[in-house]
Novice: 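What follows is a single structure, and I will ask about it in a moment.
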Amino acid sequence: MFEIAELSQLDVIRTHPLVRSRILAEVDGLPIWELSIGSEEEQVPTLGLYAGIHGNERIGSQVLLAWLEHTLSCLAWDSSLQDRLKKMRIVSIPLINVTGLQQGTRATSKGIDLMRNAPIDAQEPYVWPLAGQKVSRFLPWYRGRTLAPESQALIDSVMQAHQKANFMMAMDLHSGFGANDRLWFPYAAHRMPPPHLAEAVALCDLFNQNYPLHDFYKIEPQSIHYTTHGDLWDYLYDKANTVNGSLLLPYTLEMGSWLWLRKNPRQFFQRFGLFHPMLPHRLRRVLRQHWTILDFLMRATADYEHWVPDELSRMSLHQAGIERWYRS
Ligand SMILES: [Zn+2]
């Protein structure tokens with residue numbers, strides 16, 4: 001066991017006067033907290049921000065907690081931010097896999113990899129056991145036999161937030177894959193395009209046109225790289241978008257940790273070294289680097305009506321998405 005600074009940081013944020021909080025579930029006596037900031041009205045656009053699904057990818061929770069602190073601090077004086085949050089809501093679970101965080105493991109204390117745990121099977125070809133396996137909880141990428149309480153808490157929270165939203169975007173922060181920062185959208189289970197490919201193209205173009213110097217993000221469907229069983233965002237995307245007329249557009253931020261490893265190979269042998277920037281100056285850089293995309297997602301959620309494509313332009317944007325990501 002080691003000291004977990006993120007838990008006390010979360011306590012400070014959730015007791016802020018402008019934050020509403022509730023416990024979604026308790027696992028091994030540890031609470032999973034959900035935070036809400038902004039409008040309490042029904043049917044407002046909602047941004048869902050999630051981290052810590054993999055307990056050893058602590059940087060995701062740290063980036064999210066730092067951004068929430070920054071946003072709450074600005075709320076004290078920034079009238080444009082105050083106005084924005086009067087017409088939208090932020091819902092967040094910064095520490096989902098609390099037992100994995102406590103143990104320093106990717107999986108939960110029951111050995112379950114939450115991103116392989118949803119009741120969805122990948123379509124071939126996929127790579128075993130990376131895609132998820134049901135052989136043993138002592139091997140990596142174990143899918144579990146039933147839905148884990150952490151998965152259930154996330155599903156309940158997202159579905160409730162989505163039900164009360166007229167539009168919802170979600171961002172789930174991870175680290176560990178490749179040398180680039182990637183923004184992934186569904187699907188993970190197969191190579192077919194999602195029904196909202198047009199919206200994915202529109203958001204991708206909006207970000208790249210408005211932030212041309214932030215071209216370090218590779219925006220793409222996850223299935224370009226690998227397919228997996230049990231992806232919770234595949235599950236939530238399909239489930240939410242069949243319930244009512246409002247959209248759920250989920251994204252995963254995969255921070256490219258191989259870059260940190262290349263610059264500091266010694267961290268390969270350190271605890272969390274594969275998933276976390278270990279040198280203080282690099283940690284600070286990573287902590288602030290992603291505030292822009294989080295700010296952008298907040299603004300894009302609040303003003304979604306200004307960029308979400310209409311029926312007329314959806315067809316050509318869908319085609320552009322096919323050319324961009326699905327031709328090869
Ligand atoms: Zn992860």
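In listed order, ligands and their atoms are each counted from 1. When reading the values below, keep in mind they use all heavy atoms of this one structure, side chains included, and skip hydrogens, waters and symmetry mates. Keep in mind that this is a model prediction, so the values were computed, not measured.
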Novice: Any chance CD of E41 has more than 12 other-residue heavy atoms, nucleotides or ligands included, within less than 6.0 Å?
Specialist: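 12 or below, so no.
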
Novice: So which protein N/O/S atoms does the Zn ion (ligand 1) have within less than 2.8 Å?
Specialist: H54 ND1, E57 OE1, E57 OE2, H174 ND1

Novice: Could I get the full list of side-chain hydrogen bond (donor to acceptor under 3.5 Å, both in side chains) partners for E323, not counting sequence neighbours?
Specialist: R327

Novice: In terms of side-chain geometry, is the basic nitrogen of R143 or D121 positioned less than 4.0 Å from the acidic oxygen of its partner?
Specialist: yes

Novice: Do NZ/NE/NH1/NH2 and the carboxylate oxygens of E34 and R22 come within less than 4.0 Å?
Specialist: yes

Novice: For R182, which of E254, Q222, E220 qualifies under side-chain hydrogen bond (donor to acceptor under 3.5 Å, both in side chains)?
Specialist: E220

Novice: Indicate yes or no: does D113 engage R106 in a salt bridge with an N to O separation below 4.0 Å.
Specialist: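 Answer for the salt bridge query: yes.
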
